[in-house]
Student: 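First the structure, then my questions, so here it is.
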Amino acid sequence: MSPSEKQSDSNAPAALNIERRQELEVHLRTSPTDLDGFLELGAIYRAEDRPAEARRILEQARKIFPDDMKVLWEFEEATLARSLQQLREVADLDQRLCTSETERELQRSQTDWASRRIEVCKARLKRNPSLVHLRIVLAEALYDAEMYEKSLNAVKPLLSSDEHSPYGYLIGGRCLLELKRDVEAMAAFRAASLRRSVISPPRTKVAALKLLCETAERLGVELTQNRYREALQIAEQQLAAATP
């Protein structure tokens, strides 16, 4: 195969996507009750990294199919994707220009990203409380929004779960630090990293131990600080060994 043929072949899927997208745009104007068509078009826009267009088409679908959970889920996904895209664009602009205006816009985008995650997680948990993992996302978003007490409340149901409790304690500890409750924060970081009954993921363990060491140093707890530093060295070695 020649270089030109290879280039043509690699462009084929994109060309087919564009052709299909145009077909669906026309089709849905005359067949506005084609649910699968809306979902497919939204997926194509997402694949093209055009979440605003995906959100637009799925918003149309929601008006026609207000009770369809698949449409609602995909609309939420497009909303999140668009908010994250805006944050990344503004962060890149702020890094290049670094002006007071871009900094304000970055703060606004960060607030919007946190708000969209809070909104979607709360709605999904209300519809299906069994989606426990979403409480982690919700707690992170509340932390980013500086709603520390609410973030603590969000992780409480996770602390009895072996799977989710290490990261739940880590988020909780970070919130407690922000609330100037350092002693409680240290207890949370210990629970996130040093419990024998629950093995923490290496990355979570390292993050918790780093914060534990920093907090112990700030409080002048020298004896336990040395113990935490030894545990951190071991955890960092384990993380390095587990990282491809």
Side-chain angles (χ1 to χ4, degrees), residues 14 42 44-59 74-123 133-155 167-182 185-186 188-189 192-193 201-219 229 232 235-236 239-240 243-244:
I44 289 173
Y45 277 127
R46 288 287 309 281
E48 294 176 335
D49 197 25
R50 298 170 63 186
E53 291 301 313
R55 190 179 187 279
R56 172 185 63 81
I57 206 70
L58 290 164
E59 191 166 25
E74 293 302 323
F75 174 77
E76 290 170 340
E77 289 294 303
T79 298
L80 291 170
R82 177 53 181 157
S83 181
L84 182 57
Q85 183 186 63
Q86 288 177 314
L87 174 57
R88 287 171 173 166
E89 290 171 351
V90 173
D92 179 65
L93 185 65
D94 182 60
Q95 189 173 21
R96 287 187 286 109
L97 300 182
C98 197
T99 66
S100 57
E101 184 177 348
T102 59
E103 185 178 354
R104 283 194 300 272
E105 188 61 21
L106 179 59
Q107 290 174 347
R108 187 203 65 78
S109 296
Q110 289 169 335
T111 299
D112 181 76
W113 171 231
S115 297
R116 297 291 76 76
R117 284 180 289 156
I118 292 168
E119 177 184 279
V120 169
C121 285
K122 283 185 173 180
H133 65 282
L134 289 182
R135 289 194 170 276
I136 290 287
V137 184
L138 175 59
E140 288 178 330
L142 289 165
Y143 176 86
D144 290 345
E146 299 182 4
M147 300 179 184
Y148 304 121
E149 290 286 0
K150 289 184 178 181
S151 182
L152 281 170
N153 288 332
V155 298
Y167 198 67
Y169 276 115
L170 176 60
I171 297 174
R174 286 173 172 163
C175 291
L176 290 164
L177 283 183
E178 295 293 341
L179 294 168
K180 310 300 182 186
R181 292 157 61 181
D182 292 351
M186 289 182 68
F189 294 140
S193 58
R203 198 172 300 278
T204 300
K205 191 170 188 175
V206 167
L209 283 168
K210 283 182 177 179
L211 289 166
L212 194 52
C213 290
E214 291 171 6
T215 308
E217 183 177 7
R218 189 172 67 254
L219 297 180
R229 290 201 179 282
L232 175 59
E236 287 177 329
L239 177 59
T243 304

Student: I need the single residue from I171, L239, L209, L170 that forms a side chain to side chain contact (heavy atoms under 4.5 Å, CB included) with T204. Which is it?
Tutor: L170

Student: Please enumerate all residues that pass ring-ring contact (aromatic ring centres under 6.0 Å, His included) together with Y167, with sequence neighbours excluded.
Tutor: none

Student: Strictly by modelled atom types, are D182 and T215 linked by a side-chain donor-acceptor pair under 3.5 Å?
Tutor: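 No pair is found: no donor N or O on one side chain lies under 3.5 Å from an acceptor on the other.
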
Student: Do the two ring centres, one from F189 and one from Y169, sit under 6.0 Å apart?
Tutor: no

Student: Taking all non-hydrogen atoms of both residues into account, name the closest pair between L177 and R218 and its distance.
Tutor: CD2-NH2, 3.7 Å

Student: If the threshold is 4.0 Å, N to carboxylate O, is there a salt bridge linking E119 and R116?
Tutor: yes

Student: Side chain to side chain donor-acceptor pair (under 3.5 Å) for Q85 and R82? Distances and angles first, verdict last.
Tutor: CA-CA 5 Å; Q85 183 186 63; R82 177 53 181 157; 2.5 Å; yes

Student: Would you give me the side-chain donor-acceptor pairs under 3.5 Å for residues 51-59, sequence neighbours excluded?
Tutor:
residue: E53; atom: OE1; partner: R56; partner atom: NE; Å: 2.8
residue: E53; atom: OE1; partner: R56; partner atom: NH2; Å: 2.9
residue: R55; atom: NE; partner: T79; partner atom: OG1; Å: 3.0
residue: R56; atom: NH2; partner: E25; partner atom: OE2; Å: 3.0

Student: Looking only at non-hydrogen atoms, find the nearest pair between L232 and V206 and report the distance.
Tutor: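 Here L232 and V206 meet closest at CD1-O, 3.8 Å.
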
Student: Around atom CZ of R88, are there more than 12 heavy atoms of other residues, nucleotides or ligands at under 6.0 Å?
Tutor: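 No, the 6.0 Å shell around CZ holds no more than 12 heavy atoms from other groups.
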
Student: Looking at E103, Q107, E105, which one forms a side chain to side chain contact (heavy atoms under 4.5 Å, CB included) with D94?
Tutor: E103

Student: Do the non-hydrogen side-chain atoms of M186 and L219 ever get within less than 4.5 Å of each other?
Tutor: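 M186 reaches L219 side chain to side chain.
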
